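Here the structure comes first, spelled out in structure tokens, and everything after it is commentary.
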2 protein chains.
Amino acid sequence: MTRRHSTQKGMIKDALARLDHPTAAEVYEEIRKIYPQISLGTVYRNLNLMAGDGEILRLPFSGAPDRFDPNVREHFHVMCSRCGRIFDTNHTIPPGLITQIDHAVEACTGVKVESRVMIFKGICAACQPAGQT
Amino acid sequence: MTRRHSTQKGMIKDALARLDHPTAAEVYEEIRKIYPQISLGTVYRNLNLMAGDGEILRLPFSGAPDRFDPNVREHFHVMCSRCGRIFDTNHTIPPGLITQIDHAVEACTGVKVESRVMIFKGICAACQPAGQT
DNA sequence: TTAAATAATAGTAACTATTACTATTATTAA
DNA sequence: TTAATAATAGTAATAGTTACTATTATTTAA
Ligand SMILES: [Mn+2]
Ligand SMILES: [Mn+2]
Ligand SMILES: [Zn+2]
Ligand SMILES: [Zn+2]
């Protein structure tokens with residue numbers, strides 16, 4: 001079951017870098033422009049393999065397709081509930097906060113936390129009603 | 001568009017209270033035992049209405065059906081990645097931690113956070129390898 | 001360099017969760 | 001009571017994703 005290289009795999013990585021937190025379908029459409037015979041199944045299979053290997057992140061959204069992120073550095077995501085744009089948090093989020101929450105969760109449930117899905121929703125600056133910060 | 005009462009609606013609320021963070025399908029099966037003619041569409045429609053009204057919570061899980069929770073008090077959820085059981089955090093999670101994270105996210109993205117999905121994954125006490133806490 | 005072993009692919013079918021549609025029924029307010 | 005219409009059961013349709021399969025491409029080692 002050793003992993004092999006393929007042209008398609010390279011194109012998927014390139015598309016991920018070019019697009020902004022794309023869905024599988026968006027990756028597929030992007031690649032189809034230059035390589036029309038690529039199959040959607042190939043895109044899904046590779047994204048799943050990469051996410052399983054920890055090479056990329058999978059971002060689940062309620063009632064919407066998963067999105068993928070080649071940036072595996074610890075960061076979080078905010079979606080604007082008005083325009084749907086997705087924003088990255090940067091490294092200024094204190095990692096200590098996450099640890100504290102993990103500990104609190106472990107203390108009251110007895111579950112050893114290994115990962116967490118944290119997706120925020122709100123109104124982005126551009127969508128904020130004019131004259132408000 | 002004023003909301004009306006119905007037998008089915010009552011049964012859905014009862015099933016939610018009886019079951020533990022059930023999916024729509026689980027609510028449907030539970031009710032079918034005593035009211036076989038209920039329709040899955042009715043279960044979905046009512047769960048959606050209730051969640052929209054803030055009367056219940058919707059818990060999205062990546063690649064799995066949404067689950068519903070009649071407990072709308074602020075609390076979080078941990079899923080055991082071994083056995084799949086879902087655990088509630090209790091009121092001992094300091095709400096201040098959440099506020100701090102919201103603020104950090106707002107500071108670096110400019111998005112005014114209105115809600116967040118926080119679902120933790122780990123290994124529960126029962127699934128922990130024997131001889132470990 | 002071939003050649004055998006098999007991972008990866010394209011194309012398509014199938015599946016799961018959820019929503020949409022529609023004719024009928026039940027609830028409500030006057 | 002009855003008129004207006006929200007809610008329902010049953011079913012069809014949709015979206016996202018996975019499964020299947022015959023073929024192709026990559027890899028390893030003779
Ligand atoms: Mn990101
Ligand atoms: Mn709960
Ligand atoms: Zn916006
Ligand atoms: Zn467990």
Side-chain angles (χ1 to χ4, degrees), chain A residues 1-16 19 21-53 55-69 79 84 86 117 119, chain B residues 1-16 19 21-53 55-69 79 84 86 117 119:
Chain A
M1 246 233 225
T2 167
R3 218 129 277 175
R4 290 183 185 173
H5 173 261
S6 78
T7 319
Q8 293 85 344
K9 198 165 293 185
M11 288 181 168
I12 291 169
K13 295 199 81 173
D14 292 351
L16 281 173
L19 303 168
H21 303 102
T23 63
E26 285 165 356
V27 170
Y28 174 63
E29 288 306 333
E30 173 77 3
I31 295 173
R32 241 147 70 92
K33 292 181 194 164
I34 51 170
Y35 189 74
Q37 70 268 38
I38 196 165
S39 136
L40 182 55
T42 294
V43 174
Y44 270 107
R45 182 169 11 81
N46 280 290
L47 290 174
N48 285 340
L49 289 173
M50 290 179 199
D53 292 351
E55 210 181 328
I56 61 173
L57 293 181
R58 174 196 305 275
L59 312 177
F61 292 90
S62 170
D66 286 355
R67 295 180 168 273
F68 298 87
D69 190 342
M79 177 179 257
I86 292 165
V117 173
I119 294 176
Chain B
M1 249 237 228
T2 167
R3 217 131 276 178
R4 290 181 186 176
H5 174 261
S6 79
T7 319
Q8 293 87 341
K9 197 165 294 187
M11 289 181 167
I12 291 169
K13 296 199 81 171
D14 292 352
L16 281 173
L19 303 169
H21 304 101
T23 62
E26 285 165 357
V27 169
Y28 173 63
E29 289 306 333
E30 172 77 4
I31 296 174
R32 242 147 70 91
K33 293 182 193 164
I34 51 171
Y35 189 75
Q37 69 268 39
I38 195 165
S39 136
L40 182 57
T42 295
V43 172
Y44 269 106
R45 183 168 11 80
N46 279 289
L47 290 174
N48 284 340
L49 289 173
M50 290 178 200
D53 292 353
E55 209 181 329
I56 62 174
L57 293 182
R58 174 196 305 271
L59 312 177
F61 291 90
S62 169
D66 286 355
R67 296 181 167 271
F68 297 87
D69 191 342
M79 176 179 259
I86 292 165
V117 173
I119 294 177

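Values reported hereafter were calculated over all heavy atoms of this structure, with side chains retained and with hydrogens, waters and symmetry mates removed. These figures come from a predicted structure and were not determined experimentally. Just so we're on the same page: letters track the sequence lines, and every chain starts at 1.
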Tell me: CG of A:Leu47 to C1' of C:dT9, nearest whole Å?
-> 15 Å
Candidates C:dT27, C:dG11, C:dT6 - which lies nearest the side chain of B:Thr7 = C:dT27
Where the side chain of B:Arg45 is concerned, which of D:dA7, D:dT17, C:dA8 is the nearest nucleotide?
-> D:dA7
Respond yes when some side-chain nitrogen or oxygen of A:Asn48 is under 4.0 Å from OP1 or OP2 of D:dT17, and no when none is.
-> no
Find which nucleotide of DNA chain D each of B:Gly41 and B:Lys9 is nearest to by heavy atoms, and output the residue with the more 5' nucleotide.
-> B:Lys9
Shortest non-hydrogen contact between B:His21 and B:Glu26, atoms and distance | O-OE1, 4.4 Å
A:Leu40 has an atom CG; how far is it from atom P of C:dG11, in whole Å?
-> 12 Å
Going by heavy atoms in the side chains, are A:Ile86 and A:Phe61 under 4.5 Å from each other?
-> yes
Nucleotide of C:dA8, D:dT8, D:dA9 approaching B:Ile38 most closely (side-chain heavy atoms) | D:dA9
Relative to the 5' end of DNA chain C, which residue comes earlier, B:Ala25 or A:Ser6, by the nucleotide with the nearest heavy atom?
-> A:Ser6
Does DNA chain D take part in any stems of at least 3 consecutive Watson-Crick or G-U pairs (both distances under 3.5 Å), and if so, which ones?
-> C:1-30 with D:1-30
What's the shortest heavy-atom distance between B:Lys9 and B:Arg4, and which atoms?
-> NZ-O, 2.8 Å
At under 4.0 Å between heavy atoms, what does B:Arg3 touch on the DNA or RNA strands: base, sugar-phosphate, or nothing?
-> sugar-phosphate
Would you indicate which nucleotide in D:dT26, D:dA4, C:dT9 comes nearest to any side-chain atom of A:Gln8?
-> C:dT9
Once you round it to whole Å, what is the distance between P of D:dT18 and OH of A:Tyr28?
-> 16 Å
Is B:Ile56 close to B:Leu16 at the side-chain level, that is, under 4.5 Å between some pair of heavy atoms?
-> yes
Interatomic distance where CG belongs to A:Asp66 and P belongs to C:dT16 [whole Å] | 18 Å
Per A:Pro65 side chain, nearest of listed nucleotides C:dT9, D:dA7, D:dG16 = D:dG16
A:Val27: which of A:Asp14, A:Asn46, A:Val43 passes side chain to side chain contact (heavy atoms under 4.5 Å, CB included) = A:Val43
Does some side-chain heavy atom of A:Ser62 sit less than 4.5 Å from a side-chain heavy atom of B:Val117?
-> no
Candidates C:dT27, C:dT9, D:dA9 - which lies nearest the side chain of B:Thr42 | D:dA9
Taking for each residue the nucleotide of DNA chain C bearing the nearest heavy atom, is the 5' side occupied by B:Thr23 or by A:Gln37?
-> A:Gln37
For atom OH of B:Tyr44 and atom P of C:dT18, their distance in whole Å = 4 Å
Rounded interatomic separation in angstrom, taking CG from B:Leu49 and P from D:dT8 = 8 Å
Check the distance between C:dA7's C1' and A:His5's NE2 and give it to me in whole angstrom.
-> 13 Å
Rounded to whole Å, the CZ-P distance (B:Arg67 to C:dA17) equals 10 Å
When all nucleic acid strands are considered with a 4.0 Å heavy-atom cut-off, which category describes B:Tyr35: base, sugar-phosphate, or nothing?
-> sugar-phosphate
Charged N to carboxylate O under 4.0 angstrom, A:Asp53 versus A:Arg3?
-> yes
B:Met11/B:Glu30 under side-chain contact (heavy atoms from CB on, under 4.5 Å): CA gap, chis, key distance, verdict | CA-CA 9 Å; B:Met11 289 181 167; B:Glu30 172 77 4; over 6 Å; no
